[in-house]
Amino acid sequence: MHDEPTVAGPSGLPEEERDGEHDTLKYSLLGPSLTKAGQDAVDQKKVSEIIYHASKGSKFFNNEEVKDRTLTEKITRILARKRQLERLDLTSDIRRADDYIAELDLGRDLSQVVVHLDCDAFYAAVEELDRPELKNLPFAVGKGVLTTCNYEARKFGCRSGMASFVAMKLCPKLICLPLNFDKYSAKAEEVRAVIARYDPRFESASIDEAYLNVTEYCRLHEQTPWDAVAQMREEIHETTKITVSAGIAANAKLAKIASNQRKPNGQFQIAPERDTIMEFMRDLPTRKVNGVGRVFERELDAVGVKTCGDIYAERGLLKKLFGEKAFLFLIQCYLGLGRTNIQPAEESERKSVGTESTFGDLSGKDVLRAKLRYSADELEKDLERTQVKGRTLVLKIKLHTYEVYTRQVVTPFAVHKADDLYRFALPILAKLEKEMGDLKLRLMGLRVTHLVSTKKEGIDFFGMHARPKPPSESVKAKVEDEGEWEVWPEEEFEEAARQERQDEMNEIEALSQDPQDAVDRGDDPPAEGPTQPQASESWFCPICSLPQPANDRVFNAHIDFCLSKQTIRDAVKDTSDAMPDRGPRKDPTTKQPATVRGRKRKMAETRDRPLKRSPFTM
DNA sequence: GCGGATCAC
DNA sequence: TATGGTGATCCGC
């Protein structure tokens with residue numbers, strides 16, 4: 001682990017006394033999965049050196065260096081603030097912290113038995129079932145970057161998230177397999193079928209992790225949690241040939257930590273007693289807690305908090321150093337508190353859908369537009385699967401230097417068609433090109449947020465047709481009291497949706513007769529004088545090619561106005577001129593048939609999709 | 001609300 | 001030679 005004395009990183013010396021300029025960087029380069037199992041017997045110092053020298057000089061490395069320096073500076077500021085605070089009277093902060101601690105401790109719930117299940121090296125384990133000859137060979141899943149690797153490979157220091165070529169330096173015989181998501185999903189379903197017998201309301205945390213509340217199960221079967229979990233693990237292994245590790249505790253946070261203690265193929269219980277829990281947390285490195293990553297670990301380490309027990313001594317400072325949320329989170333770590341309500345993910349919880357892809361360094365306006373078009377096409381597919389559209393569109397780019405930028409626009413209507421995604425994202429890209437000169441990119445991505453459902457019908461697992469959900473109230477109003485189980489007629493739905501979109505366009509047209517009107521409606525304070533386009537500091541609208549003032553709001557207002565003047569077809573034609581080597585596109589107003597396959601995929605995804613929870617809140 | 005940063009897996 | 005994709009949250013502005 002990282003407390004190996006010879007390894008760089010949070011340990012030993014206080015942040016400011018550490019001499020080796022690259023110690024923190026070397027620690028960082030070890031990757032985010034240090035807490036994962038299988039590394040205990042590995043010489044981390046040696047691994048660190050190999051990674052460091054394999055990476056040195058690369059653009060990736062240079063960017064990591066920059067990030068490391070930035071973090072070091074931030075930590076310097078944190079320490080300065082800490083010294084400043086320590087000269088002040090903190091008794092009231094300490095009292096407030098103590099009040100909060102007392103309140104939480106009083107409400108501590110030890111009545112529930114929560115289990116965290118984690119499949120061991122899941123993707124690798126699934127691959128191994130198909131190819132038993134891999135059993136005792138070091139191998140990994142994932143090209144370019146390892147998604148996971150088996151324990152044989154971990155002996156060499158290989159880890160998930162590691163670049164393949166680095167892993168090959170550590171383990172020249174490493175075999176890298178391509179990903180087979182469908183296979184893993186299918187196997188995950190098998191595992192879930194078993195665990196559902198122990199808690200039908202289990203919660204999928206990811207494809208290979210789940211939380212269960214087995215309180216009821218243990219009561220009904222008069223079984224101890226330990227025995228019930230041992231039996232469940234045995235049953236999972238027998239029926240799926242997959243081994244899982246488990247943590248048993250009074251809440252999700254502790255169960256998660258516990259499941260890491262006896263990996264692989266083991267289980268660990270933290271008794272539901274206050275003193276046992278406090279004792280366990282006292283010596284637990286902060287990094288073991290879900291929500292504390294490499295950065296927060298370093299920051300905490302710098303202020304003298306290495307374990308959860310160390311949090312108490314600094315309780316009067318933490319809020320001012322790290323903010324309210326982090327303070328509350330840390331106090332809960334100190335006390336070993338976490339949520340106890342375990343429940344299945346709900347469909348409605350999704351907040352965004354996006355795609356991104358990495359390619360070799362690319363530049364050139366046309367090439368980048370082709371990439372943007374590709375992103376739009378990919379996103380359209382995902383939006384169809386997930387049955388949503390979004391009112392905000394986010395463009396993400398990563399320069400060849402690994403610097404990341406995101407820019408977003410609020411679209412005049414909720415978008416999901418590739419043509420719309422492309423058209424509304426294009427001005428953002430054009431703007432970035434204006435801002436930063438010709439871009440050389442290694443990644444581009446698109447995401448929509450502020451989602452609106454486009455679900456036409458719900459089909460439950462018995463094939464029954466549930467009441468459809470129209471795209472909005474305005475469309476819904478057009479239909480009389482439809483039956484509870486009636487299917488929304490496809491054509492009528494499409495027509496209504498089309499009409500709604502046209503209405504929205506018309507509304508924009510009406511509101512934007514003069515771009516200045518749109519500007520005036522913005523919530524910027526009124527300018528001193530009317531904003532006139534200034535040729536010297538202007539951008540060019542990618543649609544009408546006229547110069548526009550270099551002001552975000554004005555520019556966006558103009559884009560809205562400009563787009564609203566055009567028919568969709570015109571805009572498509574317009575953009576396709578800048579797009580060589582692309583085949584004919586379908587008419588964007590044409591109805592897309594909802595395929596049976598699409599629906600099946602959607603349902604599978606809905607079940608697979610984990611419920612994302614903030615580790616900072618209960 | 002936006003953009004950067006962090007985190008999990 | 002070469003370092004991922006998806007989604008969420010938090011913070012500072």
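In what follows, chains carry the letters A, B, and so on, assigned in the order in which the sequence lines appear, proteins first and then strands, with residues in each chain numbered from 1. Just so it is clear, the model here is predicted, and its values are computed rather than measured.
Across all strands, S58(A) comes closer than 4.0 Å to base atoms (heavy-atom distances).
Checked by atom type and distance alone, the side chain of S55(A) never pairs as donor or acceptor with a backbone atom of F61(A) at under 3.5 Å.
Across dC7(B) and dG4(C), the matching C1' atoms stand 15 Å from one another, rounded to whole Å.
Figure legend: cation-pi geometry between R287(A) and F296(A) absent, as NZ or CZ is not positioned both under 6.0 Å from the six-membered ring centre and within 45° of its axis. In this structure, K26(A) is positioned above the aromatic face of Y52(A), its NZ or CZ under 6.0 Å from the six-membered ring centre and within 45° of the axis.
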Hey, what are the protein-to-nucleotides 10-13 of chain C N/O distances that come in under 3.5 Å?
from	atom 1	to	atom 2	distance (Å)
dC10(C)	OP1	S614(A)	OG	3.4

Between protein and nucleotides 4-7 of chain B, what N or O pairs are separated by less than 3.5 Å?
from	atom 1	to	atom 2	distance (Å)
dG4(B)	OP1	R407(A)	NH1	3.3
dG4(B)	OP2	T406(A)	N	2.9
dG4(B)	OP2	T406(A)	O	3.3
dG4(B)	OP2	T406(A)	OG1	3.4
dC7(B)	OP1	G293(A)	N	3.1
dC7(B)	OP1	F296(A)	N	2.8
dC7(B)	OP2	V295(A)	N	3.1

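As rounded to whole Å, 11 Å separates atom P of dA8(B) from atom CG of N260(A).
Checked against a 6.0 Å centroid threshold, the rings of F413(A) and F424(A) count as neighbours. The six-membered or imidazole ring of F322(A) lies away from that of F329(A), with a centre-to-centre distance of 6.0 Å or more.
Listed nucleotides: dA2(C), dG7(C), dG5(C). Nearest to the side chain of S352(A): dG7(C). Across dG4(C), dG5(C), dC9(B), the shortest atom-to-atom separation from the side chain of V145(A) is found for dG4(C).
Note on Q408(A): a side-chain N or O is less than 4.0 Å away from OP1 or OP2 of dG3(B).
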Per-nucleotide pairing state of DNA chain C [Watson-Crick or G-U, under 3.5 Å; [ ] pseudoknot-crossing; | other strand]
....|||||||||
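A salt bridge does not link D120(A) to K263(A): none of the charged side-chain nitrogens sits closer than 4.0 Å to a carboxylate oxygen.
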